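The next block holds one structure in the form of C-alpha cells; read it before the comments.
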Number of protein chains: 2
Amino acid sequence: MTLRPTQACQHCTLRQLCLPMGLPQDELWQLDQIVQQRRPIAKGAPLFTMGTKFEALYAVRTGALKTVLISDDGTEQITGFALAGDLLGLDAIHSGKHPVSAIALESTSVCAVPYGHVDDLAGRLPTFRQHMMSVMSQELAQDESLHALLGQRTAEQRLATFLIALSERHRARGLSPERFYLPMSRADIANHLGLTQETISRLFTQLRNQGVINLHTRDLEILQPDGLRNTAGVTFTSAASSA
Amino acid sequence: MTLRPTQACQHCTLRQLCLPMGLPQDELWQLDQIVQQRRPIAKGAPLFTMGTKFEALYAVRTGALKTVLISDDGTEQITGFALAGDLLGLDAIHSGKHPVSAIALESTSVCAVPYGHVDDLAGRLPTFRQHMMSVMSQELAQDESLHALLGQRTAEQRLATFLIALSERHRARGLSPERFYLPMSRADIANHLGLTQETISRLFTQLRNQGVINLHTRDLEILQPDGLRNTAGVTFTSAASSA
DNA sequence: CGAGCCTTTGATTATGGTCAAGCGCTGTGG
DNA sequence: CCACAGCGCTTGACCATAATCAAAGGCTCG
C-alpha cells in the first residue's frame, strides 16, 4: 500500500466529526502521529475485502463507500454507506478479520489508523478511549433503529427515512441538507433497505409526482422536508448507518 | 435498588462467557470489586427503561430478557434477546440514556457493573479494555448478519436461522443444543424477525409436520439439526443477537 | 375454576417481488 | 466530436409471500 505524507488531523476540516472529535490538544497531537494516508481508491475498488486480516481502522476523507456482507450463496447485503468523516472497520476487532467488504462508490480517499496504535492510545488517553467506546455504542444504537426500520416499516417509510438520514448526515458535515448527490445506485439503496430496485424507482417517481423531491439521475433536491418526514412516519435516530 | 452481597466472578459458572472472559487473575480480582448484584426481576418487569439514565452495564446471571425499542407511534421492535452471560447496556454509552427497554421474559437476576468503574478498569487493565472493545465489535458484526437476515431471507429462513442461533447459544453455555425452553412468546419471535405471530405459528406447525422439530408450548426439541440448517439456507454468524 | 393471554388455523387481501421490455446516461474509442 | 456499448433506471403486467382479519382452542395463574 502506498502511503502519502501525513497530513495533520488538526488541520482537517472533518476534525469535528471524525476520530479527533472532542480530543484535547495534547491527545490530538498523539493521534496525528499514527494516522496514515492512502492513495485514492477508484470507484468500484475495495478498501478492504471480507475475510481479510484486520489491521487498521479507516476514516473516510473524501468520497463514499458501501460496506457489503456476502453470504455463502452469493447473496449480498449492503450494511451501510460511509461518507466523509465516517469510521470503518470497528466490526472487525472481534474476529481479527473484516466481516464485510468496503467498496468505493466514487473515487475515495481515506486515513488509516493501525489498530495496535489505537489500542495503545485508548490505554493512555482517557478522552480518546471514551470517544472510541462512544462511537461503537452509537453504532450499536443506530443498528437497533435500522432493525426497527426494516422490521416495522413499509417500503415508502424506509426510503423516506433513508433520505432524511442522508440529509441529516450532510447537514452534520456542513453541506446542504436539501440538495446533494446520491453516490449509490438505486439497486444499492434497495438492497440496503431490504427492497428491490424496481420498488425504489417507483417510490422515487411517486415522491417526485407528489412534489416532495426533485431527482435527476442522482442529483437529489428535497423540496418538502416536512412532506418527507410525514411519509417516513416516525423518526429513527440516524438510521442510515455508516457500518 | 436493593443490592445483595457481592458474589465473586471467579466462582461464577458463566465466567468463561461473561465479562471475566480471558481476564488474568489479577484483573479478574479487580473486576470482582465493582460488580454488584441486584434482586431478581419479575417476569414482565423492566431491568431498565428506554430513555432513562445510563448508569451501569448489566450481565445476565440467570433468566432471559428482551430489549425493546419503542417508536413515537408506539410500534415496538424487539432488538434482541439476552440469555445468561450476555451483556446489556453497551448501546447506551454514547447518549448516556438507554435507547431500548430491557424486559424480563422470566424471573431474572443480573449483575450490575457501574459504568464509571468500567471505564476506569478499561484505562488500567489492557486485557479488560481489549475485551470490552471485542465484545462491542462482535455485536456490531452480529447486527450486520441480522441485517442480512431481515433484508434477504424468507420468513422460513429467518425462523430456522433464529432457532439455530438460539441452539448455538445454548451449546456455548454448556446446555443441550437440541432441547431447550423458549422464554419468549411467538409474538416476540415474530416481532424480532420482522414477521407476524400468525406466520411464526404456521411455520412452527410446518417444521413440526416435516419432523424437523418437536414443540409443545415452549419446549423445543430439534430433531433434525441438518434439516433446520437446510431450511435456513445460509448460516449467519449468530444472528440472534443479544442487544 | 375462571379470566385473560397465548397459540393455532382458516379465509382473504395487499404489499412488494418477479419477469420483461425499453429508454437514457455515460464514458470510450474511432 | 460522434457513435455505440453497456449499465443504470424506469415502467408495466402479473404473481407470491406474508399480512390482516376472524374465530376458536389451550395454557397459566390468580
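Predicted model, so just to flag it, every value in this text is computed and none were measured.
- In this structure, the side-chain contact (heavy atoms from CB on, under 4.5 Å) partners of A:T52, at least two apart in sequence or on a different chain, are A:F48, A:T49, A:H98.
- Between the CD atom of A:Q142 and the CG atom of B:L140 there is a distance of 10.0 Å, given to the nearest 0.5 Å.
- Contact annotation for B:T196: base contact, defined as any heavy-atom pair under 4.0 Å involving a base atom.
- Residues satisfying the side-chain contact (heavy atoms from CB on, under 4.5 Å) test with A:E156, not counting sequence neighbours, are A:T154, A:L203, A:Q206, A:Q210, A:T231.
- Across all their heavy atoms, A:Q224 and A:G211 have their closest contact at NE2-O, 3.0 Å.
- Salt bridge A:R173/A:D86: present, at least one basic N to carboxylate O contact under 4.0 Å.
- Atom NZ in A:K43 sits roughly 12 Å away from atom P in D:dC7 (whole-Å rounding).
- Rounded to a whole Å, the CD atom of A:E198 is 14 Å from the P atom of D:dG8.
- A:L195 comes within 4.0 angstrom of sugar-phosphate atoms only, judged by non-hydrogen atoms across all strands, and of no base.
- Where DNA chain C meets chain B (any atom under 4.0 Å from a heavy atom), the bounding nucleotides read 5' to 3' are C:dC6 to C:dA11.
- The nearest whole Å value for the distance from the CD1 atom in A:I200 to the C1' atom in D:dT10 is 13 Å.
- A search for side-chain contact (heavy atoms from CB on, under 4.5 Å) contacts involving B:S109 returns B:R61, B:T62, not counting sequence neighbours.
- In this model, the phosphate group of D:dC9 is not approached by any side-chain N or O of A:S201 to a distance below 4.0 Å at OP1 or OP2.
- Using a 4.0 Å cutoff on non-hydrogen atoms, the parts of residues 202-218 of chain A near DNA chain D are A:R202, A:T205, A:R208, A:R218, ordered by number.
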Taking N or O atoms only and anything under 3.5 Å, show me the protein contacts with nucleotides 4-6 of chain D, one pair per line.
none

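- Checking each of A:T67, A:L182, A:L166, A:D188 against A:F81 for a side-chain contact (heavy atoms from CB on, under 4.5 Å) leaves exactly one that passes, namely A:D188.
- B:G194 comes within 4.0 angstrom of the backbone, heavy atoms only, and of no base.
- If you check the side chains of B:T75 and A:R153, you find a donor sitting under 3.5 Å from an acceptor.
- The distance from the CG atom of B:L175 to the CZ atom of B:R169 is 12.0 Å, given to the nearest 0.5 Å.
- Here CG of A:L146 is found 9.5 Å from CZ of A:R158. Values are rounded to the nearest 0.5 Å.
- A salt bridge does not link A:D219 to A:R179: none of the charged nitrogens lies less than 4.0 Å from a carboxylate oxygen.
- If you take CD of B:Q197 and P of D:dA18, they are 17 Å apart, rounded to a whole angstrom.
- Following rounding to the nearest Å, B:R186 (CZ) and D:dC27 (P) show an atom-to-atom distance of 11 Å.
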